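Here's the structure we're looking at; comments come further down.
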Amino acid sequence: MIIVTGASRGLGRAICERLLDGGHEVLGLARHVERCSFPAMACDVSEAGPVKEIARKLRARRDQVVALINAAGVASMNLALTTPPATAARIISTNLLGTIYCCQSIAPLMVRRRSGSIINFSTIAVALGLAGESVYAASKAGVEAFSRSFAREMAPFEIRVNCIAPGPIMTDLIAGVPEEKIDEIVRRQVISKRFGPEAVCDLVELLLDPRSASLSGQVLRVGGA
């Protein structure tokens with residue numbers, strides 16, 4: 001079983017659909033499971049309790065978890081000086097703490113098997129230092145730092161931990177970003193073109209494949225930075 005957070009929309013949903021098409025068993029975690037057309041459980045990853053409860057249920061059912069994909073995330077494009085404290089807290093708790101909580105609760109299910117792949121999500125905004133994305137980039141920089149250290153902690157159990165850092169992918173997450181802002185980001189990428197969700201799904205499949213067994217503690221930046 002592959003667990004995917006943020007499964008009800010955006011990249012999370014696209015990843016679930018790609019994996020299902022590839023014959024994988026998928027369990028989505030989302031706040032709004034009614035939007036999911038595949039097996040899913042309701043869970044707000046920004047709270048540790050519900051995540052622990054999901055892990056408890058999976059352990060009781062003796063489900064074999066082979067991978068965790070932390071695709072849940074929120075964003076708010078504001079200058080740091082104009083970002084309300086409540087917004088900053090929501091971004092940090094969902095993007096950074098949510099990733100940590102899921103790794104803490106789900107990784108032990110893979111430790112018992114001594115194999116697995118964990119894919120966390122960052123953003124190209126970390127590498128590019130984009131104005132107007134200070135808090136969002138900070139939350140994802142935390143994900144990258146956590147992932148590098150967690151990769152070393154999981155290595156003895158043959159569990160790999162990597163990050164995918166997309167550029168502007170046309171999903172709900174950036175629906176309100178002006179076109180000129182998106183164009184500016186794309187111009188700063190190494191490969192100055194827009195990529196769709198399929199590019200991210202390709203990298204997910206790569207990191208799940210045994211042929212990527214030598215990759216851990218890495219950040220793959222879609223578009224390059």
Side-chain angles (χ1 to χ4, degrees), residues 1-7 10-29 38 45 58 63-73 95-96 98-127 139-169 171 173 189-191 195-225:
M1 172 185 290
I2 299 174
I3 297 176
V4 183
T5 72
L11 287 177
R13 186 182 185 91
I15 291 166
C16 287
E17 292 172 348
R18 171 71 74 88
L19 295 176
L20 288 165
D21 287 344
H24 295 281
E25 181 184 3
V26 173
L27 175 66
L29 302 185
F38 40 82
V45 300
L58 295 176
D63 287 314
Q64 298 296 306
V65 177
V66 301
L68 166 65
I69 302 171
N70 284 306
N95 297 352
L96 176 55
T99 296
I100 293 172
Y101 295 153
C102 288
C103 287
Q104 287 177 324
S105 294
I106 304 300
L109 302 179
M110 289 183 273
V111 166
R112 293 186 300 173
R113 300 179 67 253
R114 299 190 70 84
S115 68
S117 178
I118 296 174
I119 303 172
N120 296 327
F121 270 78
S122 181
T123 171
I124 206 166
V126 172
S139 71
K140 295 298 191 175
V143 169
E144 291 187 15
F146 169 78
S147 299
R148 284 193 294 271
S149 294
F150 195 54
R152 292 187 179 275
E153 295 174 6
M154 292 293 100
F157 307 103
E158 299 185 33
I159 297 170
R160 297 179 295 112
V161 183
N162 292 287
C163 286
I164 296 176
I169 306 291
T171 66
L173 192 67
Q189 294 175 173
V190 175
I191 303 173
F195 292 90
E198 64 276 2
V200 175
C201 292
D202 289 343
L203 289 179
V204 167
E205 288 186 325
L206 168 66
L207 293 174
L208 293 177
D209 194 290
R211 288 175 294 181
S212 66
S214 64
L215 293 178
S216 194
Q218 303 304 304
V219 180
L220 304 184
R221 305 193 188 281
V222 180

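In this text, all values refer to a predicted model and were calculated from it rather than measured experimentally.
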If you compare all heavy atoms of P166 against all heavy atoms of S122, which two are closest, and at what distance to 0.1 Å? CD-O, 3.4 Å
Just do the side-chain contact (heavy atoms from CB on, under 4.5 Å) check on H24 and R18 with the steps written out, would you? CA-CA 9 Å; H24 295 281; R18 171 71 74 88; over 6 Å; no
Rounded to the nearest 0.5 Å, the CD atom of E144 sits from the OG1 atom of T123 at a distance of 8.5 Å
Under 3.5 Å: donor-acceptor pair, side chain of R114, backbone of P156: yes
Closest non-hydrogen atom pair, V219 against A165: CG1-CB, 3.9 Å
Taking atom SG of C102 and atom CD1 of I3, what is their separation to the nearest 0.5 Å? 8.5 Å
Would you compute the distance between atom CZ of R221 and atom CG of L203 and round it to the nearest 0.5 angstrom? 12.5 Å
Can you tell me how far CG of L207 sits from CD of E205, rounded to the nearest 0.5 angstrom? 10.5 Å
Calculate, to the nearest 0.5 Å, the distance between atoms CE and OG belonging to M154 and S147 respectively. 12.0 Å
Looking only at heavy atoms, which two atoms of A225 and V190 are closest? And how far apart? N-CG2, 3.5 Å
Tell me whether R112 at atom CZ has more than 12 heavy atoms from other residues, nucleotides or ligands lying less than 6.0 Å away. yes
For the residue pair L220 and N162, establish whether any side-chain heavy-atom pair is separated by less than 4.5 Å. no
Check: I69 and L19 side chains under 4.5 Å, non-hydrogen atoms: yes
How long is the gap from CG on L29 to CD1 on I106, to the nearest 0.5 Å? 6.5 Å
Between I15 and I119, is a side-chain contact (heavy atoms from CB on, under 4.5 Å) present by the stated rule, with each step listed? CA-CA 12 Å; I15 291 166; I119 303 172; over 6 Å; no
Nearest heavy-atom pair of C16 and A7: which atoms, and what distance? SG-CB, 3.7 Å
Measure the shortest side-chain to side-chain distance between N70 and V45 over non-hydrogen atoms and say whether it is less than 4.5 angstrom. no
Does a side-chain heavy-atom distance below 4.5 Å link N120 with V161? yes
Using the side-chain contact (heavy atoms from CB on, under 4.5 Å) rule, take R113 and F157 through it: C-alpha gap first, then chi angles, then the decisive distance, then the call. CA-CA 8 Å; R113 300 179 67 253; F157 307 103; over 6 Å; no
Is E17 salt-bridged to R13, cutoff N-O under 4.0 Å? yes
Closest approach of Q189 and P168, non-hydrogen atoms and distance? OE1-CD, 3.2 Å
Which pair of non-hydrogen atoms, one from I159 and one from S216, has the smallest distance, and what is that distance? O-OG, 4.4 Å
Just do the side-chain contact (heavy atoms from CB on, under 4.5 Å) check on V200 and F195 with the steps written out, would you? CA-CA 8 Å; V200 175; F195 292 90; over 6 Å; no
